[in-house]
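Worksheet for the structure shown next.
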There are 2 protein chains.
Amino acid sequence: MSTAERAPTRPSHQPAPHLRRRQARADATRTALLDAALTEFAANGFEGTSTRAIAERAGTHQPQINYHFDSKDALWRAAVDHLFDRLDEAMRSHQTTDGPEGPGPDDVTPVTRESFAAMIRAFVRAVAELPELNRIMVLEATMDSSRLAWIVDHHTTARYRLLTTQWSELRAAGAVRDIDPAVAYYSLIGAASLAYVNAPEARLLGQDTSEASFIESHADALLSMFLGEEDAA
Amino acid sequence: MSTAERAPTRPSHQPAPHLRRRQARADATRTALLDAALTEFAANGFEGTSTRAIAERAGTHQPQINYHFDSKDALWRAAVDHLFDRLDEAMRSHQTTDGPEGPGPDDVTPVTRESFAAMIRAFVRAVAELPELNRIMVLEATMDSSRLAWIVDHHTTARYRLLTTQWSELRAAGAVRDIDPAVAYYSLIGAASLAYVNAPEARLLGQDTSEASFIESHADALLSMFLGEEDAA
DNA sequence: GTCTATAATTAGATAGAC
DNA sequence: GTCTATCTAATTATAGAC
């Protein structure tokens, strides 16, 4: 987690044994609050979520939120940090590179059609597994607010730049469809995420978008739509 | 509007002149409340919107909401009805059929690749013009609630069935890409709407998605992505 | 129909015992 | 660190004068 808000902690040089138990319990409370906050914020939005509901889901009491985090706002930021960390994990775990050898850690090799295809497939799987992220993003990106400014600053900008840069390179090389990078960015994210963001609606329409068959044919479709026909990696 | 909630109205057979003025004022208040509600609900979500904020934006007082509508919930439903009416209007006004002659009113001719292309283009333009609709949809479709059940029942189901049926016909005829209808539905809606739903975020990223050049190249991109290359109508 | 005033709830945050 | 109890402010909805 990259947030600054922390529960007050003892200096780490000499923790007494009974204080270690205390600390372990505190960490558990903190983690439970973070997970509960994710679920609640993604489902009901920031305003629609009460700190009492979060505490109840976490199995603790409402004032713990103000103790472990400074405020409801700070808890939200910590939860979003945690969520982006989980996205990165999920992307890594779903990366299936298609060449004979895959990229190693700290890979800085230039983007290729194949690596971009693998990224899209991993993204679809990650988004299906982690709908909370895109839910929170779309809940917040819809209006100007201090939370939107924070999230763009801390998470969105770097990812936007990376993706549009890679797309521009591939486009110049004729390796993907001839689509403007910003158009491609929002079309890709939107096309990849809505089925999972709106999963409750889809279920009411008779569609279970969490099935593996849906997810994989979704990924196949995006590859043919964005990269073109020849090799739906 | 197709909602049932109405302000109490006089019998229409014999309106006295001074009561007509009264009624005109009331209608103005009702309409102002409806427009203000749309803006506020789309920006802040149902829970995040206070009836005071709506009344203030409408230039009237908070209790008027409970007078003209039964509740905050009923106002929300009336606003959504109004919004779908506006979507239909916007779709009609942006329909530019590409053949020598366009379809007339009450057209029931079978769907063609060309009519579907014209629909997609009109949809992109309409969604760009009316981001409130997709904002509200995504704000609500994210979790189960009585509002989601209502919106699916009253608006989404019919549109979902029409679009997926048309897609299936075109797909069987080989006129569009070979993509599952449900996958195509969510990919299309998501790809078409996110740039406008997330317009505030896009602006922070340096992208103005409301420019005509963005919208048209967005529509062009979707046509090539979903229909294939040969004729980006 | 519109207004002011207010009732009834619920929200986020804090105080202080343990 | 965690708990109970509570404060202050904001919420939706209603009462009743005009």
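Every chain is numbered from 1 and lettered A, B, ... according to where its sequence line falls, protein lines coming before strand lines.
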Separation of atom NZ in B:K72 from atom C1' in C:dA8, rounded to whole Å: 16 Å
Given that A:R52 and A:G59 both sit by DNA chain D, which one's nearest nucleotide is further toward the 5' end? A:G59
So if I take every side-chain heavy atom of A:S50 and compare against D:dT11, C:dT14, C:dA11, which nucleotide ends up nearest? C:dA11
Under 3.5 Å, is there a donor on one side chain and an acceptor on the other for A:S71 and A:D73? no
For D:dT2 and A:H61 - does any side-chain N or O of the residue sit under 4.0 Å from the phosphate oxygens OP1/OP2? no
Atom-to-atom span, CD of B:E47 to C1' of C:dG12 - whole angstrom: 16 Å
Round to a whole Å and report the spacing from CH2 of A:W76 to P of C:dG12. 16 Å
B:H154 and B:D81 side chains, donor-acceptor separation under 3.5 Å: no
Less than 4.0 angstrom from a charged side-chain N to a carboxylate O is my criterion; do B:E132 and B:R86 meet it? no
What integer distance in Å separates A:N66:CG from D:dC3:C1'? 14 Å
Under 3.5 Å, is there a donor-acceptor pair between the B:H61 and B:E56 side chains? no
For D:dT2, does either OP1 or OP2 sit under 4.0 Å from a side-chain N or O belonging to A:H68? yes
Can you tell me the distance, in whole Å, between the CD1 atom of B:I65 and the P atom of D:dA13? 9 Å
Starting at CD of B:Q62 and ending at C1' of C:dT2, how long is that distance when rounded to a whole Å? 13 Å
Minimum heavy-atom distance A:A42-A:L139, with the two atoms named: O-CD1, 3.6 Å
Quick one: B:R25 CZ to C:dC3 C1', roughly how many Å, whole number? 10 Å
Look at A:T60 and D:dC3 and indicate whether a side-chain polar atom (N or O) is within less than 4.0 Å of OP1 or OP2. yes
As a test of reading the structure: which of D:dT11, D:dT2, C:dT2 is closest to the side chain of B:A26, going by heavy atoms? C:dT2
Any side-chain N or O of A:Q23 under 4.0 Å from OP1/OP2 of D:dG1? yes
Whole angstroms only, please: what is the OH-P distance between B:Y67 and D:dA15? 15 Å
